[in-house]
Amino acid sequence: MAYNVTFIPGDGIGPEVAEAAKRVLEATGIDFHWDVVNAGADAMDKYGTPLPESVLESIRKNKVALKGPITTPVGSGFRSVNVALRKELDLYACVRPCKTYPGVPSFYSGVDIIVVRENTEDLYAGIEFERGTPEAAALIKLVRETKRGVISEDSGLSLKMISETGSRRIVKFAFEYARAYRRKKVTALHKANIMKFSDGLFLAVAREVAREYHDIEFEDRIIDNMTMQLVKRPQQFDIIVAPNLYGDIVSDLCAGLVGGLGVAPGANIGDEIAVFEPTHGSAPKYTGQNKANPMAMMLSGVMMLRYLGETGAADNLELAIANVIAEGKNVTYDMKQDYTAGVGTPQVANAVIEKMGA
Ligand code: NAD
C-alpha cells in the first residue's frame with residue numbers, strides 16, 4: 001500500500017534537508033506518493049500568497065504532510081506560514097521528542113522527553129493591542145474601571161487566553177500519547193500560583209483529566225522551577241504538557257539538552273491531520289551550501305512512520321540514524337565535537353541508507 005503524503009520542501013535549508021529525509025524514507029521500503037506543493041517566499045512570488053489554498057487542500061486530502069522549514073521575513077507584512085497552517089488545520093498539539101542518541105554533542109545522556117505543547121491559545125496566539133491605539137486605551141480603561149489594577153497609559157498589551165476546552169484537549173492528547181507509546185508519566189507546566197485564572201484553569205483541568213488515567217503517573221511543576229530541574233536532572237521527566245508559550249521555550253531548552261536543533265524533530269497534530277516538521281527554522285545563512293543537518297527532518301519522518309503505524313520501518317530508520325550519529329564520521333558540522341567541518345547533507349542521507357541496508 002502506498003501512502004499519499006503532502007510534501008512541502010520549504011525554503012532556506014528546507015529543500016536540502018527535505019530531500020535527504022525523502023530519500024531515507026523511500027529507502028525504508030515503504031511506498032509514498034508525494035504530493036509536492038510550495039509555500040513560503042516562492043509561493044508568494046508565484047501566487048501572491050505564502051500559503052496558497054492548494055497547499056491546504058492537499059493536506060486536507062492526504063491528512064499527512066512532511067514539511068521543511070519556512071522563513072518568516074521580519075517586517076515583510078506576511079504572517080508566519082507555520083502559524084497559519086497550525087491555525088487553518090487546527091493542529092492543536094505540537095509534539096517534540098528530545099532524546100539523547102549516544103555520540104551527540106551534549107552534556108547529558110539518558111534523556112528521553114516528549115514535549116507536548118498547546119498550539120492555539122495563550123499569549124502566543126497573537127491577540128495584541130499596540131501602545132497608543134484607541135483599542136489599547138479602551139482596554140486600559142476597562143481594567144481601571146473594573147478595579148483590576150492600573151495599567152500605564154503608554155503600555156502595549158498582549159492577551160493571555162487559556163480555555164477549559166483547549167486545556168482539556170491538549171492534556172488528553174498528552175495522556176493518550178503516553179498510553180500509545182507506553183510512557184509512564186505526564187508533567188504539566190504552569191505558573192498557577194500567580195496567573196490563577198489562566199494557568200490555574202489549565203492546572204485544574206489537567207488534574208481532572210489525570211484522574212481518568214490511573215495507569216499513568218501525573219505531576220505538575222511551576223515553570224521557573226521546571227527550567228532549573230530540566231537543566232539539573234532532565235532524566236526524571238517523561239512527557240511534558242504545557243500551554244503554548246512555556247511549551248515553546250521548554251521545547252528549545254530540551255532540544256539544547258540533547259544536541260541542538262540539528263537533531264530535534266517535531267509534529268503538529270490535530271484530530272485528523274498531522275504535519276511533521278523539524279523544530280529548527282530555515283537557517284537562511286546556510287541556504288544552498290548543503291551543510292545543514294538533515295537528521296531533525298529525518299527524525300520527523302520517523303515520527304510520521306510511527307503515526308502511520310509503520311513501526312518496523314520507523315525503528316529501522318531511527319536505528320540507522322542513531323548508528324550514523326554513534327559512528328560520528330558521516331555527520332554535519334554541528335555534530336562534530338572537535339569543530340571539524342563535517343560532511344554535506346546528501347552524504348548524511350547516503351550513510352543512513354547504507355546503515356539500513358546493512
Ligand atoms: P533557525 O533554526 O533557522 O536557525 C538557528 C541556528 O540554528 C542557525 O544559525 C544554525 O546555526 C542552526 N541550525 C538550524 N537548523 C540547523 C540544521 N538543520 N543544521 C545545522 N544547523 C542548524 O532559527 P532562526 O534563525 O531563528 O530562524 C530563521 C527563519 O526560520 C526565520 O524566518 C524563522 O521565522 C523561521 N522558522 C521557521 C520555522 C518553521 O518553519 N517551522 C521554525 C523556526 C523558525
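We count ligands from 1, going down the list as the structure has it; atoms in each ligand are counted the same way. Scope of the values below: all heavy atoms of this structure, side chains included, with no hydrogens, waters or symmetry mates.
Interface of Pro69 with ligand 1, defined as ligand atoms under 4.0 Å from a residue heavy atom, comprises 40 (O). Counting atoms of ligand 1 from 1 in the listed order, those under 4.0 Å from a heavy atom of Asn82 are 37 (C), 38 (C), 39 (C), 40 (O), 41 (N).
Within a 6.0 Å sphere centred on CZ of Arg233, other residues, nucleotides and ligands contribute 12 heavy atoms or fewer. More than 12 heavy atoms of other residues, nucleotides or ligands lie within 6.0 Å of CD in Glu212, so this atom counts as buried by the packing criterion. Within a 6.0 Å radius of NZ in Lys141, other residues, nucleotides and ligands contribute 12 heavy atoms or fewer.
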Might you work through the salt bridge (charged side-chain N to carboxylate O under 4.0 Å, His left out) test for Lys184 and Asp238, ending with a clear yes or no? CA-CA 7 Å; Lys184 295 194 163 47; Asp238 188 346; over 6 Å; no
Tell me, with the steps shown, if Asp199 and Leu201 meet side-chain contact (heavy atoms from CB on, under 4.5 Å). CA-CA 5 Å; Asp199 285 14; Leu201 177 60; over 6 Å; no
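Remark: atom 6 (C) of ligand 1 lies closer than 4.0 Å to no protein heavy atom. Of the protein's heavy atoms, none falls inside 4.0 Å of atom 24 (P) of ligand 1. Of the protein's heavy atoms, at least one falls inside 4.0 Å of atom 11 (O) of ligand 1. By the definition of a contact as any protein heavy atom under 4.0 Å away, atom 15 (N) of ligand 1 is in contact.
Between the side chains of Gln289 and Thr287, not a single donor N or O lies within less than 3.5 Å of an accepting N or O. Side-chain atoms of Glu118 and Ser167 form no donor-acceptor pair, as typed in the model, at a separation below 3.5 Å. Using a 3.5 Å distance cut-off with no hydrogens or angles, the side chains of Asn244 and Asn119 do not pair a donor with an acceptor.
Comparing heavy-atom distances from atom 42 (C) of ligand 1 across Met295, Glu277, His280 singles out His280 as nearest.
Heavy-atom distances between Lys285 and ligand 1 reach below 4.0 Å in at least one pair. The shortest separation from a heavy atom of Ser282 to ligand 1 is under 4.0 Å, placing the residue in contact.
At a heavy-atom distance under 4.0 Å, only backbone atoms of Thr279 (N, CA, C or O) approach ligand 1. Only the side chain of Leu261 comes within contact range of ligand 1, with a heavy atom under 4.0 Å; no backbone atom does. Only the side chain of Lys67 comes within 4.0 Å of ligand 1, judged by heavy-atom distances. The proximity of Pro294 to ligand 1, defined as any non-hydrogen pair under 4.0 Å, does not occur for either the backbone or the side chain. When non-hydrogen atoms are compared, ligand 1 lies under 4.0 Å from neither the backbone nor the side chain of Lys291. Of all the heavy atoms of Thr71, the ones lying under 4.0 Å from any atom of ligand 1 are found in both the backbone and the side chain.
Comment: Glu217 does not engage Arg183 in a salt bridge, judged by the lack of any side-chain N to carboxylate O separation of less than 4.0 angstrom.
In this structure, atom 33 (C) of ligand 1 lies nearest to the protein heavy atom Thr72 N, 4.1 Å. When hydrogens are left out, the protein atom nearest atom 28 (C) of ligand 1 is Pro284 CD, 3.7 Å; that is the closest non-hydrogen contact. The protein atom (non-hydrogen) at minimum distance from atom 17 (C) of ligand 1 is Asn293 N, 3.7 Å. At the shortest separation from atom 22 (C) of ligand 1 among protein heavy atoms lies Tyr333 OH, 4.0 Å. Closest to atom 43 (C) of ligand 1, if we only count protein heavy atoms, is Gly281 CA, 3.4 Å. Protein heavy atom at the shortest distance from atom 37 (C) of ligand 1 is Ile70 O, 3.2 Å. The nearest protein atom to atom 13 (N) of ligand 1, hydrogens excluded, is given as Ala283 CB, 4.4 Å; this is a heavy-atom distance.
Here Tyr307 and Tyr3 keep their ring centres 6.0 angstrom or further from each other.
When Thr227, Ile249, Val250 are each tested for a side-chain contact (heavy atoms from CB on, under 4.5 Å) with Leu189, only one passes: Val250.
Contact annotation: the side chain of Glu277 approaches that of Asn268 to within less than 4.5 Å [non-hydrogen atoms, C-beta and beyond].
Residues satisfying the side-chain hydrogen bond (donor to acceptor under 3.5 Å, both in side chains) test with Tyr213, not counting sequence neighbours, are Glu176.
Considering backbone and side-chain N/O of Val17, none are found under 3.5 Å from N/O of ligand 1.
Looking at Asn293, its side chain does come within 3.5 Å of a backbone N or O of Met295 through a donor-acceptor pair.
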